[in-house]
*Asks:* 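Once you've had a glance at the structure underneath, I'll fire off some questions.
These figures come from a predicted structure and were not determined experimentally. All ligand and atom numbering here is 1-based and tracks the order in the structure.
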Amino acid sequence: MADGGYDVSDYCDIDARFGTLADADALIADAHGLGLRVVIDLVANHTSSEHPWFTAALAAAPGSPERDRYFFRDGRSGGEEPPNDWISAFGGSAWTRVSEPDGRPGQWYLHLFAPEQPDLDWDQSAVREAFDAVLRFWLDRGVDGLRVDAAPAMAKQPGLPDAGHVPGARFESRTWVGNPHWDVDGVHDILRRWRAIGDGYDGDRLFVTEAVVRDPERLSRYVRPDEMHTSFNFDYLTAPWEPRRLRTVIDESIAALDRVGAPPTWVLSSHDETRHVTRFGRADSSAATMGFDTGRPPADLDLGLRRARAAALLTLALPGSAYLYQGEELGLPEVEDLPDEALQDPTWERSGHTARGRDGCRVPLPWSGDTTPFGFTTEGIAPWLPQPTSWAALTVAAQGADPASTLSLYRAALRLRRSVPALHAEPLSWVSSDDDVLAFDRGPAFRCVVNLSDRSIDLGGQDRVLLASGPCSGSLPPDTAAWLSSPGEE
Ligand code: BGC
């Protein structure tokens, strides 16, 4: 748990804190019984430093096959300096020096994330073959798919050349992309290999990749017909609440993914990013990744929630698939005031306590009741991150009973998304509108209008409103979205 579980010491077992393999089997069976599918996270760029491969590598000599599974290199300047200038996503150098079995300071190993997450060398056939078996282990158990973690990291440029970072450079995902350790073409061989394994199984198996890359064109390479089925869309996730930028991202995403025959996807939040209620309530509503946005001015959370609700209707009206991050359906804000001693994200320590990291978007959901742990754990047991007491008003139970709540909005939107045929089949076509309004049709019978301006706009009749993200009576207030039936007259 050095990085919230993204440090795996046994790929074919369940951490005892979470249960057993029998529990996993039962969960998969129960989910299937409810018509739900289960996708597991495959973290294959790195193992845990507690993985038997890594402990064997530490015990073995430089140049040994045990070390070859990872990136062990001699340091520069007589061994004193890291082998190159690469930086860790959590801050600091991406290299850590080991003590050799005889106790002397020795080689360095690569970790693009935390030191407890040594990178595997995917050029090694032993690594490839071992992971084939891991995929089969889970697909045989009945999982419906895999979410491939940090896919662009899995191939590195031969020779591990410097990236050109200035000393002390800090991680910024946008400056990371295109480095010799990110989005290198070799990664696609690995993805093709996995897709071939998945295609050998009956039924629908979904492979989705996490790929923060330069632009939609680079992203489309991950979802070519023989690679992943789909991918998170970080250009959309990081877009500010700004009409022109959103429209450009939407157009570019649809066009780039269409060229390779993959569905577009949309995502507003994740376990790595500031929750979008908070992000959209800031003057600068663009996203900084991996919790590196400490020190931003406080958010206007009423504004953020209004925009987040409108963004939900925008997102769920777009063609393709939408990813919802647990808690966004409750309109949860980022918890920005977690006590220092509660922080668990490695970013906090690795940044020298300058970036608080991602814990604020991971605080356990409030289910019910007036006091913590709000039904998340048994009364009297503290959840792994403290919940704000103000979340009493945001519990699932409280919101489920309120037709105006964010939970009710999401439920209504998801119900319509299933039942309105236009939202399954019809392509998006923009409707001419003011520059600060996003309006599009999905065929002749459905329109989505999002008002990003600072004035109300006329909707031409309340009777056409299927659903709105806020109060609206024939005219749409600022930062509000509406779904309309039969667009009617222009
Ligand atoms: C995951 C993060 C994790 C990192 C390292 C990411 O892309 O989403 O939560 O810290 O990979 O595994």
Side-chain angles (χ1 to χ4, degrees), residues 1-11 15 39-51 54 70-71 86-92 94 96 109-120 122 131 134 145-156 170-174 176-177 179 181-183 187 190-191 207-213 219 222 228 230-235 237-238 265 267-275 287-293 323-328 334 343-351 355-363 384-385:
M1 297 296 281
D3 177 24
Y6 283 89
D7 43 332
V8 179
S9 58
D10 185 346
Y11 287 87
D15 187 312
V39 173
I40 61 161
D41 214 332
L42 179 67
V43 186
N45 173 64
H46 41 264
T47 67
S48 159
S49 53
E50 292 175 16
H51 192 288
F54 193 72
Y70 296 90
F71 292 94
W86 297 359
I87 52 177
S88 150
F90 301 137
T96 290
Y109 70 91
L110 177 68
H111 51 87
L112 290 180
F113 295 91
E116 296 86 352
Q117 296 166 296
D119 280 50
L120 287 166
W122 273 88
F131 273 89
V134 171
L146 304 170
R147 177 257 193 201
V148 175
D149 183 60
M154 286 193 299
K156 278 85 177 170
R170 218 159 89 148
F171 170 77
E172 241 308 331
S173 69
R174 297 281 138 186
W176 233 35
V177 302
N179 277 336
H181 57 65
W182 201 256
D183 197 16
V187 74
I190 306 165
L191 301 182
F207 284 11
V208 48
T209 178
E210 185 213 19
V212 178
V213 289
L219 183 65
Y222 287 76
M228 304 286 96
T230 176
S231 172
F232 297 110
N233 182 346
F234 285 93
D235 285 305
L237 186 150
T238 54
T265 61
V267 55
L268 289 164
S269 270
S270 83
H271 65 293
D272 292 328
E273 319 297 346
T274 301
R275 283 191 178 275
T289 43
M290 303 295 252
F292 276 99
D293 57 356
Y323 292 92
L324 306 183
Y325 174 53
Q326 52 109 1
E328 72 170 81
E334 183 82 2
L343 297 179
Q344 312 210 11
D345 186 337
T347 305
W348 174 239
E349 291 302 328
R350 301 270 310 163
S351 69
R356 299 183 71 76
R358 302 157 292 171
D359 295 315
C361 67
R362 299 174 174 184
V363 173
W384 69 284
L385 288 168

*Asks:* Taking D7 for the side chain and E116 for the main chain, is one N or O donor matched with an acceptor at less than 3.5 Å?
*Replies:*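 A pair under 3.5 Å: no.
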*Asks:* What are the two closest heavy atoms between S269 and Y325, and how far apart are they?
*Replies:* O-CB, 3.4 Å
*Asks:* Not counting sequence neighbours, which residues clear ring pair (Phe, Tyr, Trp, His ring centres under 6.0 Å) with H181? List them please.
*Replies:*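 Here the qualifying residues are W86, W176.
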*Asks:* What heavy-atom pair brings T265 and T230 nearest, and what distance separates the two atoms?
*Replies:*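 Shortest heavy-atom contact: CG2-OG1, 2.9 Å.
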*Asks:* Using the side-chain contact (heavy atoms from CB on, under 4.5 Å) criterion, which residues pair with D41? Sequence neighbours excluded.
*Replies:*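 Checked D41 against side-chain contact (heavy atoms from CB on, under 4.5 Å); matches are Y6, V43, R147, D149.
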*Asks:* So if I only count non-hydrogen atoms and take anything under 4.0 Å from ligand 1, which residues does that give, chain by chain?
*Replies:* D3, Y6, H46, F90, F113, Q117, R147, D149, E210, H271, D272, R358, R362
*Asks:* Using ring pair (Phe, Tyr, Trp, His ring centres under 6.0 Å) as the criterion, list what pairs up with Y323, not counting sequence neighbours.
*Replies:* F232
